[in-house]
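Following: one structure in structure tokens, then a few remarks.
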Amino acid sequence: MNTMTILMTIVSTTLIYASPLIFTSLGGTFSERGGIVNVGLEGIMVIGAFASTVFSISFNETFGAATPWLALIVGGICGLLFSIVHAVATVNLRANHIISGTVLNMLAPAAAVFLTKVIYDGKGQTPIIQQNMSTTDIPLLSKIPVIGDIFFSNTLVIGWIGILLAFASWWVLYKTRFGLRLRSVGENPEAADTLGISVYKMRYSAVLISGMLGGIGGAIMSQAITLNYNVSTIAGQGFMALAAMIFGKWNPIGAMFAALFFGFAQSLSIVGAYIPIISGWNDVVFKVAPYLITIVVLAFFIGKSTAPKADGETFIKSK
Amino acid sequence: MSKNWKSRLSIPLISILAGFVLGAIIMLCLGYDPIMTYEALFTGAWGDPNSIGETLRQATPLILTGLGFSVATSAGFFNIGGAGQYLVGWLSSIWFVLSFPSLPGVVLITGAIAAGAIAGGIWSGIAGVLRAYLKTNEVITTIMLNYIALYLSNWIVKSFLANGDADYSKSIPQSASLRSPFLMELTNNSTFHYGLFIAIVIAIIMAFVMKKTTVGYEIRSIGLNSDASKYAGMSTKKVIILAMTLSGLLAGIGGAVDGIGNYQNILVLASTPSVGFDGLAVALLAYGNPIGIVFASLLFASLKIGGLNIPVVSNTPSEIVDIVIALIIFFVGASYLFEYISKKMKTNKSKGGKA
Amino acid sequence: MQSNFDQASCAIELKHMTKAFGDFKANNDINLKIKKGQIHALLGENGAGKSTMMNVLSGLYQPTSGDVFVNGEKVAMTSSKDANNLGIGMVHQHFMLVDDFTVIENIVLGAEPTKAAGILNLKQARQKIMDLSEKYHLEIDPDAKVRDISVGMQQRVEILKLLYRDANILIFDEPTAVLTPSEITELMAIMKEMVQEGKSIILITHKLDEIKEVADECTVIRRGQIIGSVLVKNSSEQQLADMMVGREVSFKTDKTKSKPGEAVLKIENLSVKDSQKVERVKNLSFNVRAGEVLGIAGVDGNGQSELVQAISGLEKSSSGSITLDNQNITNLKVRKVTEAGLGHIPEDRQRFGLILPMTVSENIALQSYYCKPDSAHGVLKYNYMNEHARHLIEQFDIRTSSEKSETGALSGGNQQKVIIAREVERNPKLLIAANPTRGLDVGAIEYIHKRLVDQRDKGNGVLLVSFSLDEILNVSDRILVMHNGENMGIVEASRTSEQELGLMMAGTPLDKIKKSKRKVADK
Amino acid sequence: TNRSASNNSESQNKGNSLAVALLTDLNGVDDKSFNQSAWEGLTKWGKEHNLTKGLGGYDYVQSHQDSDYPVNINKLIKNNYNLIYAIGYKLDKAVTDGAKQNPNTKFAIIDTVVPDLDNVTSLTFKDNESAYLAGMSAALNSKTKKIGFIGGVKGEVINRFEAGYVAGAKAAVPDIQVDVKYVGAFDKADVAKSIATAMYNNGNDAIYQAAGSAGLGVFSSAKDARKSGKEVYVVGCDRDQTEEGQYDGGNLTLTSSIKALNTVVEEVSNETLAGNFPGKQHKVFGLKENGVDISKGQLSTDIWNKVEQTKQDIIDGKITVPEKP
Ligand SMILES: Nc1ncnc2c1ncn2[C@@H]1O[C@H](COP(=O)(O)OP(=O)(O)OP(=O)(O)O)[C@@H](O)[C@H]1O
Ligand SMILES: Nc1ncnc2c1ncn2[C@@H]1O[C@H](COP(=O)(O)OP(=O)(O)OP(=O)(O)O)[C@@H](O)[C@H]1O
Ligand SMILES: [Mg+2]
Ligand SMILES: [Mg+2]
């Protein structure tokens with residue numbers, strides 16, 4: 001591979017791996033900024049992947065090329081609906097957040113496969129979708145010499161949307177009234193309560209946003225990568241997104257860069273096999289490298305990250 | 001005290017009931033027969049000696065990974081690395097036995113379990129050390145270590161332990177196995193093995209350690225209030241590492257016991273073993289109580305093994321079992337729901353009485 | 001309007017207000033009138049129900065029965081928003097601030113000015129806040145994070161929160177418990193100014209001198225019921241205290257003259273840096289002798305906490321030495337220091353002193369669980385621990401249903417007693433008590449002071465760190481004043497005055513004061 | 001609707017002497033791969049013999065973890081299935097134990113050999129032969145002289161694919177470059193897609209995927225490459241993967257190597273029904289036995305003719321295909 005191809009490949013493969021993680025980790029960030037620990041991201045992604053696939057298969061003839069985009073929205077909405085379980089459990093029913101999140105993770109794959117069997121005549125995975133979300137050139141930007149070729153040609157547009165969304169999320173969290181209030185219930189719900197902010201409402205919003213974004217993250221997996229839903233469509237990405245959120249110190253932009261970093265590490269291990277000097281190394285080195293690099297970078301360069309102060313705490317309003 | 005016990009038991013029992021009822025409603029809505037399904041589930045788990053043996057065997061590693069998760073939780077850590085710790089435990093036990101196949105059985109078995117314990121302990125100990133000295137978040141490190149364990153293990157199995165090109169290691173000699181002709185006869189040739197007794201003994205030891213020893217006291221203190229623990233002269237670094245290591249050590253024993261008891265070899269795996277995550281669920285179901293974990297594991301194993309019978313004798317998708325498990329855990333977590341309902345019923349009653 | 005003059009002159013009136021938690025009535029049939037333009041003090045023991053009553057007034061709690069009138073009109077508040085709209089605001093006993101937010105963000109939270117589409121407009125807020133800050137002399141740093149500012153400034157932020165919302169009925173729940181003497185003086189002045197403007201204030205405090213200084217009227221409440229209201233100018237501090245406790249209270253701790261022996265604690269040229277590497281204790285030297293109480297006075301944040309942490313081993317010192325009972329304990333681990341004979345009543349009892357979800361008996365064993373007789377060979381002896389705890393519960397009069405109850409279920413005063421029992425009972429050579437009575441009522445304070453003096457009388461050293469000059473003067477034999485990490489001088493408690501200590505706390509070394517005194521005398 | 005039809009099926013299936021079950025490994029019978037093929041064969045066979053799905057007829061059971069195999073075998077035996085197909089090398093221990101303990105139940109194990117038991121027949125496939133033809137097709141079709149191979153986890157079975165594929169490609173086009181990579185797992189479609197993207201970017205214009213459900217990522221990567229104007233292909237595995245290759249009306253599944261479990265299952269079931277269960281035997285199914293094959297897919301007639309010719313040469317023993325890379 002020449003340098004240009006290597007760079008292009010690094011960018012595109014980084015985005016393949018990172019795109020679902022970006023959305024989902026942003027979702028996690030909203031949830032935890034609002035004080036609800038969300039280890040159920042994996043389950044939410046499953047629902048998003050499943051629902052978007054069913055939608056795509058059912059309506060691809062109606063909506064044509066718009067199908068994958070609509071499917072993402074459907075995935076997001078279903079993720080949101082599914083996350084209500086988590087909101088009810090943690091906000092109203094005072095459940096331990098980790099228990100509730102684990103319930104999502106156990107429930108979602110079981111329910112998705114169960115429903116697949118119900119809908120598709122006993123089959124354990126769906127058919128292949130016909131309208132997939134494929135790579136394209138980004139208008140204008142792809143015309144920039146060199147940079148356009150590396151970054152914006154044949155690229156997974158949704159990944160770039162995710163990157164922009166991270167900045168938008170930061171802006172929402174830190175520059176708007178909604179964001180200020182959302183963060184206040186994650187830091188000190190009692191204080192927010194004394195100021196007339198409805199802690200329950202804010203925490204619901206936090207969880208539902210995470211459901212929406214996690215659902216979209218899952219939908220990206222099925223719409224752009226596996227092109228169907230099966231039990232292994234979502235195989236640990238939710239936990240990687242959780243890791244990205246923590247790695248990014250509960251900051252949307254940080255989470256996005258962490259997700260990109262994970263993608264980059266994977267990408268290096270793939271592209272590394274094309275770089276002459278190291279291509280002879282044992283394959284296991286390349287397999288282990290992304291995870292080892294993550295630990296090393298986190299331990300020695302990123303250091304401690306502190307969760308929002310009231311993250312995981314149940315707030316009980318006394319009356 | 002007695003009231004306390006009652007309420008502690010009643011929540012899981014009500015939750016189990018509620019989980020099954022809701023599962024039945026779901027089946028009815030989708031046109032499946034819940035009674036037949038549950039009958040299949042029950043007979044599949046407890047209907048004959050063979051099934052009972054399999055259920056008990058399935059519970060064995062769950063007890064240990066569940067205990068492992070709960071120890072870390074007591075110290076305030078979220079160890080989702082159970083899968084990786086179990087896997088390195090499994091690998092090491094088999095590796096040990098295959099390296100010294102001619103040693104006497106007792107030595108092999110003890111050595112295998114010790115190897116599993118050490119490997120699992122080191123594996124999560126890494127996360128503990130990083131946490132203690134560099135404040136590295138253990139959630140990330142344990143997730144990453146799971147994957148590293150998977151790839152390393154697959155590579156080691158293929159490169160060092162397999163017979164030729166096979167995708168699994170050689171089998172361990174009979175002398176190193178935890179299975180016995182007696183148990184096989186008793187359970188009609190199931191894979192039940194002595195590991196269950198090891199697991200139960202360890203659960204009892206852990207109950208004792210956590211409640212009655214100074215080490216358990218330190219782990220609980222740090223988990224509940226690390227500042228006060230420092231004030232009391234405890235070394236938080238030491239306890240963090242200790243708790244994480246102990247946690248992985250238990251999961252590692254789980255892997256070892258499953259390795260020399262159940263599998264008798266080690267395979268190239270397609271993904272991280274689910275027993276690690278299931279241990280997490282079991283521990284949550286039991287509120288981290290070691291003896292509770294034994295019972296939660298039995299419940300979990302019954303559902304898993306019984307669940308295999310569902311597609312054999314009915315058309316209900318076996319995923320219903322996982323849905324029921326999830327619902328039970330949901331109700332355990334959201335037990336305030338029952339409190340709320342009973343409060344509501346009481347006030348309604350008293351209102352009704354007044355009117 | 002049918003309301004008569006009397007009602008209209010009331011900012012707030014409670015009629016037969018009862019607030020119950022389950023079966024327990026925290027407020028029982030309360031009738032109370034708060035007049036407009038006055039400072040109305042509320043006095044009562046810990047747990048009497050003061051905070052509960054105020055939470056009802058600020059809309060956080062809804063009364064179980066009875067009515068609330070604001071400015072003569074009956075109101076039903078369901079959230080603090082409603083109270084806010086009625087002009088009622090409250091500074092809570094435990095600050096209600098978001099540590100991670102800036103001062104401005106904290107002030108505007110819940111009443112944020114926005115541009116279109118919910119975008120924050122902090123510029124607009126800043127102007128209003130700075131105006132208020134100037135008007136009421138409430139100095140703040142608007143862009144600092146709350147976690148980085150002093151407790152005093154946090155208090156000012158809380159007050160600005162109310163002013164920002166245009167509150168004219170202000171409730172202060174124990175605002176001075178955490179303030180230094182000079183900050184208290186400032187706050188009193190601000191309160192007076194507010195009343196002058198026609199605002200009404202309810203002030204909860206355990207400090208009778210404050211009531212005497214600023215309040216017009218004082219209501220005493222005991223066990224959820226009103227004992228009576230008096231005009232402050234007609235009653236003495238002693239009368240108020242007796243009324244509150246229901247028996248005679250002694251303010252002055254009985255103590256004989258100290259008979260100091262050898263030094264149990266020797267601090268030589270000690271310097272300590274905090275976690276940000278700022279030097280907080282600077283070249284400090286002093287001794288605490290056996291059989292005496294050495295008080296350390298000073299405004300919060302002048303290195304007292306770091307000094308205590310360095311002695312107890314929680315923080316490393318950068319230079320100098322610490323000797324306890326003739327043993328060099330400089331930079332030893334906490335446990336070694338404890339074993340060398342240190343007892344420590346920490347500043348923040350819930351954060352450092354106790355593990356709230358654990359039982360009382362487990363907390364009592366916190367310093368000794370690892371050795372005999374609490375444990376042997378790594379196994380805890382619960383029988384012994386429980387019996388020991390029962391013994392201490394009786395001896396120290398800790399109010400708890402059992403030694404096996406959760407410590408978090410105990411009241412604040414009783415939690416403090418658990419710590420004191422644990423630390424005193426080991427009979428340490430040196431007992432450090434850091435603000436041991438903060439937030440506690442006079443009855444509890446009396447008890448704790450007695451224990452400290454007992455400890456001294458047994459021939460041990462006591463190092464008392466307190467922001468309360470009363471406490472320092474009352475309990476100590478000698479007093480060291482710290483300012484900016486340095487020793488301003490040591491004086492005999494019996495031969496100093498609040499004025500002298502005040503000067504030293506403000507940074508004037510003792511020898512300078514003496515010189516200027518001499519000068520005055522010479523003239 | 002009552003989906004619980006198995007009670008009825010039991011009565012319907014009464015009187016039939018052979019009840020057949022399919023036991024899969026961790027993937028189900030709809031894995032779009034050889035489990036599915038086996039199930040299709042069994043279903044067809046069952047219908048031909050007027051059996052219904054369920055007790056006493058034919059059915060399948062999936063395992064969720066590796067420790068489920070013996071449990072499932074025992075459950076099937078308890079429910080009177082007398083011929084059990086165990087699909088996958090991972091089941092060999094469970095089959096060995098089950099067969100020893102239940103001499104009256106017949107087992108057919110696929111992809112590995114369980115020797116010396118009267119009630120076990122071992123059925124293995126010469127995947128390397130079909131892979132050889134796949135490699136040949138990809139190589140002949142390649143304009144860039146570069147083709148790729150993406151495997152799931154390195155192992156005995158996948159190695160056969162790799163070996164055959166590389167040999168076939170080199171035999172057809174001696175200067176072809178074959179880029180061999182492994183995902184490291186069968187469930188990481190995102191990693192597989194990234195590897196495929198790197199391969200296509202590197203000029204490979206066809207990739208043979210033997211990576212289970214991760215292989216789906218290879219198809220999606222190919223679709224992306226097509227969209228950007230590259231004429232790339234995927235070579236399917238185990239089943240005719242034309243469905244996966246559908247793309248804007250066209251198809252990018254160049255061809256698929258086929259493992260005809262369906263015909264083998266039918267064949268063995270019929271033999272057993274006729275009382276000729278091939279116990280103790282090891283049957284090898286290659287091109288000659290119609291056990292493996294290759295689909296025409298999008299191959300040009302020219303290439304297809306060459307492939308057919310080579311196929312015949314292998315059947316005739318003129319070419320021996322290596323089993324190991
Ligand atoms: N939310 C609650 N639930 C149950 N009981 C409560 C609650 N809040 C307060 N109490 C009880 O009401 C009593 C009065 O508490 P409150 O906080 O009003 O006392 P206080 O007079 O403010 O005491 P302090 O001087 O310590 O601040 C306490 O003894 C406590 O037992
Ligand atoms: N939110 C709450 N919910 C339930 N109980 C509470 C709550 N707040 C306080 N309590 C109860 O109130 C009591 C402690 O209240 P608090 O800390 O105000 O002490 P106190 O009664 O003022 O005693 P002391 O004089 O010792 O400070 C405990 O019994 C505690 O269980
Ligand atoms: Mg109190
Ligand atoms: Mg109070």
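Sequence lines set the chain letters: A, B, ... in the order given, protein chains first and strands last, and positions in each chain run from 1.
The line from CG of B:Leu30 to CG of A:Leu115 is 7.0 Å long, rounded to the nearest 0.5 Å. B:Ser159 contributes atom OG, which lies 6.5 Å from atom CG of A:Asn282 (distance to the nearest 0.5 angstrom). The distance from the NZ atom of B:Lys135 to the OG1 atom of A:Thr306 is 9.5 Å, given to the nearest 0.5 Å. The distance from atom CG of B:Leu134 to atom CG of A:Leu298, rounded to the nearest 0.5 Å, is 9.5 Å. Interatomic distance, A:Leu292 CG to B:Leu152 CG, rounded to the nearest 0.5 Å: 9.0 Å. A distance of 8.5 Å separates OG1 in A:Thr294 from CD1 in B:Ile140, rounded to the nearest 0.5 Å.
Within the 4.5 angstrom heavy-atom criterion, only side-chain atoms of A:Leu242, from C-beta onward, approach chain B. When heavy atoms are compared at a cutoff of 4.5 Å, B:Ser271 does not approach chain A at all. In this structure, no portion of A:Phe286 lies under 4.5 Å from any heavy atom of chain B. Both the backbone and the side chain of B:Ile320 come within contact range of chain A, with heavy atoms under 4.5 Å apart. There is no contact between B:Tyr133 and chain A, counting heavy-atom distances below 4.5 Å. Neither the backbone nor the side chain of A:Asp283 has a heavy atom closer than 4.5 Å to any heavy atom of chain B. Within the 4.5 angstrom heavy-atom criterion, only side-chain atoms of B:Leu280, from C-beta onward, approach chain A. B:Phe330 touches chain A through backbone and side chain together, each having a heavy atom under 4.5 Å away. Of the two parts of A:Val85, the backbone and the side chain both hold a non-hydrogen atom closer than 4.5 Å to a non-hydrogen atom of chain B. For A:Ala289, no part lies near chain B; criterion is any non-hydrogen pair under 4.5 Å.
Of all heavy-atom pairs between A:Ala243 and B:Ile143, the closest is CB-CD1, 4.2 Å. A:Val284 and B:Tyr151 make their closest contact through CG2-O, 3.7 Å (heavy atoms, listed as atom of the first residue, atom of the second, distance). Closest approach of B:Gly333 to A:Ile99, counting heavy atoms only: CA-CG2, 3.8 Å.
The candidate with the highest count of non-hydrogen atom pairs below 4.5 Å against chain A, out of B:Asn137, B:Leu130, B:Thr141, is B:Asn137. For chain A, the option among B:Leu284, B:Ile328, B:Ile26 with the highest count of heavy-atom pairs below 4.5 Å is B:Leu284. Interface remark: of the candidates B:Ala283, B:Ser318, B:Ala334, B:Ala334 forms the most heavy-atom pairs closer than 4.5 Å to chain A.
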side-chain contact (heavy atoms from CB on, under 4.5 Å) assessment of B:Asp322 paired with A:Met106: CA-CA 7 Å; B:Asp322 296 307; A:Met106 301 189 73; 5.6 Å; no
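The number of heavy atoms from other shown groups lying within 6.0 Å of NZ (A:Lys309) does not exceed 12. Within a 6.0 Å radius of OH in B:Tyr336, other residues, nucleotides and ligands contribute more than 12 heavy atoms. With a 6.0 Å radius and a threshold of 12 heavy atoms from other residues, nucleotides or ligands, A:Lys317 has its NZ atom above the threshold.
Under the side-chain contact (heavy atoms from CB on, under 4.5 Å) test applied with A:Leu107, the options B:Ile329, B:Ile325, B:Ile323 reduce to a single match, B:Ile323.
Taking the six-membered ring for Trp and thresholds of 30 and 60 degrees, B:Tyr147 and A:Tyr291 have nearly parallel ring planes, at less than 30 degrees apart.
Side-chain contact between A:Val39 and B:Ile80 is absent, with no heavy-atom pair separated by less than 4.5 Å.
The aromatic ring centres of A:Phe114 and B:Tyr32 sit less than 6.0 Å apart.
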